There are 2 protein chains.
Amino acid sequence: MTTATQAPRHPAGLAQKLADSGLRSTPQRELVYDVLLNKRDHPTADEVFARVKPELPGISLATVYNCLETLVQCDLVRAVNFERGPTRYCPNLRPHAHFHDEVTGETHDVDLPETLFAKLKSELPPGFDANAVEITFRGKAQSPTN
Amino acid sequence: MTTATQAPRHPAGLAQKLADSGLRSTPQRELVYDVLLNKRDHPTADEVFARVKPELPGISLATVYNCLETLVQCDLVRAVNFERGPTRYCPNLRPHAHFHDEVTGETHDVDLPETLFAKLKSELPPGFDANAVEITFRGKAQSPTN
DNA sequence: GAGCTTCTTTAGAATTATTCTAATTATTGC
DNA sequence: GCAATAATTAGAATAATTCTAAAGAAGCTC
C-alpha cells in the first residue's frame with residue numbers, strides 16, 4: 001500500500017490542528033469528527049457513539065468522550081449545553097446562535113450578524129469583559145425542509 | 001393565635017401563585033423560595049439543600065428538587081444551565097442575561113435593554129418564532145464589591 | 001370532627017451522564 | 001527492534017437527577 005490511495009476526509013484540518021496541539025491523528029478522532037460534520041444535528045456523546053460504532057465496532061464510549069473533549073480543546077468543535085441533559089456537540093465554528101424547537105426538540109444553528117454579537121458585548125456594564133457570547137432561542141420553527 | 005402575627009416573607013406572591021396552579025403553600029416551598037431570594041448567586045439544588053437544612057432539618061434532597069421544579073412551573077424561578085454541571089436556579093424574572101466569570105466561576109445577572117431582546121428575535125430568519133431568548137456571556141469581571 | 005381524598009414529603013433505590021483507573025495497544029523516535 | 005510516549009479500552013466510580021412506594025399533612029363532606 002503506497003501513499004495517497006485514499007483522500008483525507010477532512011479537507012485540511014483535523015490532522016494539522018491536532019498536530020498543532022501536539023496530538024496525534026487517530027482513526028477514532030477522525031471518525032468522531034466525521035460524524036459531527038456529516039450530520040450537524042448537535043448529537044450527544046451517546047448518539048455520536050451509536051453513529052461511530054458501525055464503522056469502528058471496537059470503539060468504546062469512553063473514547064468517544066475523549067475524542068469529543070480533544071476536538072473541543074483543539075477548537076474544532078463546540079460543546080453546547082442548553083437545559084439539563086447531556087452535552088451536545090456542534091462543529092459549526094462561525095459565531096452563531098442556537099434555536100431550540102420546543103415541539104420537536106431539535107436544535108438549529110442560526111447565523112446572526114457579527115455586529116450583533118459586538119453590540120451585545122458593548123452593552124455590558126463597565127467592569128465586565130466578555131470573550132464569548134452564547135445565544136439560545138426557544139420557540140417553534142416551521143421546518144423548512146418538510 | 002390570631003391572624004397577622006407574622007408577616008409573610010414573600011410580599012405577595014408565593015402562596016397566591018401556587019394556588020393559581022392548584023398547588024399548596026408548604027413550609028418547604030416557602031423556605032426554598034426564601035433562600036433563593038435571599039442569596040441570589042444561582043445556587044444548585046445541592047446548595048439550596050444545604051441552606052435550607054438548618055432551618056428545616058427534616059427536609060430531604062428529593063423535596064428540594066420537587067420544590068425547585070414546582071417554583072419553575074409556577075414561573076417564580078428560572079432554571080439555568082450553562083455548561084455541563086448541575087442546574088442552577090435564579091429568582092430574577094426580569095429579562096436579563098448571565099455573565100459567567102471564568103476566573104471565579106460566579107454568575108452575575110446583567111440587565112440588558114428590552115429593545116435588545118426584541119432586536120435579537122427580529123433577526124431570526126423567517127419561520128422561526130422565538131418566545132424566549134437566553135444570553136450568556138463568558139469572561140472576566142472585576143468584582144464591583146471588593 | 002371522623003373519615004375520605006388528594007397533595008406533599010420522605011428515604012432510598014434506580015437511572016443517566018460523565019469521569020476515572022489501570023491495563024493494553026498503537027505510534028514515534030532513536 | 002526497543003524504549004518512551006500517547007491513545008484506547010473495559011469496567012468501576014462518581015455526580016446529578018428522577019423514580020417509587022410508603023408515610024404524613026391538609027382540605028372537604030357530612
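Because the structure is a prediction, the values reported are computed rather than measured. Chain identifiers are assigned alphabetically (A, B, ...) following the order of the sequence lines, protein sequences preceding nucleic acid strands; residue numbering begins at 1 within each chain.
- Taking Ile, Leu, Val, Met, Phe, Trp and Tyr as hydrophobic and joining them when side-chain heavy atoms fall under 4.5 Å apart, one finds B/Phe82 in a cluster with B/Val80.
- Under the side chain to side chain donor-acceptor pair (under 3.5 Å) criterion, B/Arg88 pairs with no residue, sequence neighbours left out.
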Show each protein N/O and nucleotides 24-30 of chain C N/O combination with a separation under 3.5 Å, one pair to a line.
residue, atom, partner, partner atom, Å
C/dT27, O4', A/Arg24, NH1, 3.4

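- Legend: residues meeting salt bridge (Lys or Arg N to Asp or Glu O under 4.0 Å) with A/Lys119, ordered by chain and number and at least two apart, are A/Glu123.
- A/Lys140 meets the side-chain contact (heavy atoms from CB on, under 4.5 Å) test with A/Val103; sequence neighbours excluded.
- Annotation: proximity of residues 71-88 of chain A to DNA chain C (heavy atom, distance under 4.0 Å) is found for A/Pro86, A/Thr87, numbered in ascending order.
- Not counting sequence neighbours, A/Thr44 has no partner by the side chain to side chain donor-acceptor pair (under 3.5 Å) test.
- Taking every nucleotide of DNA chain D with any atom under 4.0 Å from a non-hydrogen atom of chain B, the first and last of them, 5' to 3', are D/dA16 to D/dA26.
- Under the rule for a side chain to side chain donor-acceptor pair (under 3.5 Å), A/Thr136 has no partner lying at least two apart in sequence or in another chain.
- The salt bridge (Lys or Arg N to Asp or Glu O under 4.0 Å) contacts involving residues 68-83 of chain B comprise B/Glu83-B/Arg138, where partners must be two or more places apart or lie in separate chains.
- For B/Asn131, the side chain to side chain donor-acceptor pair (under 3.5 Å) partners are A/Glu102, not counting sequence neighbours.
- Axis deviation across the helix from C/dG1-D/dC30 to C/dC30-D/dG1 amounts to 20°, comparing end segments of five pairs, rounded to 10 degrees.
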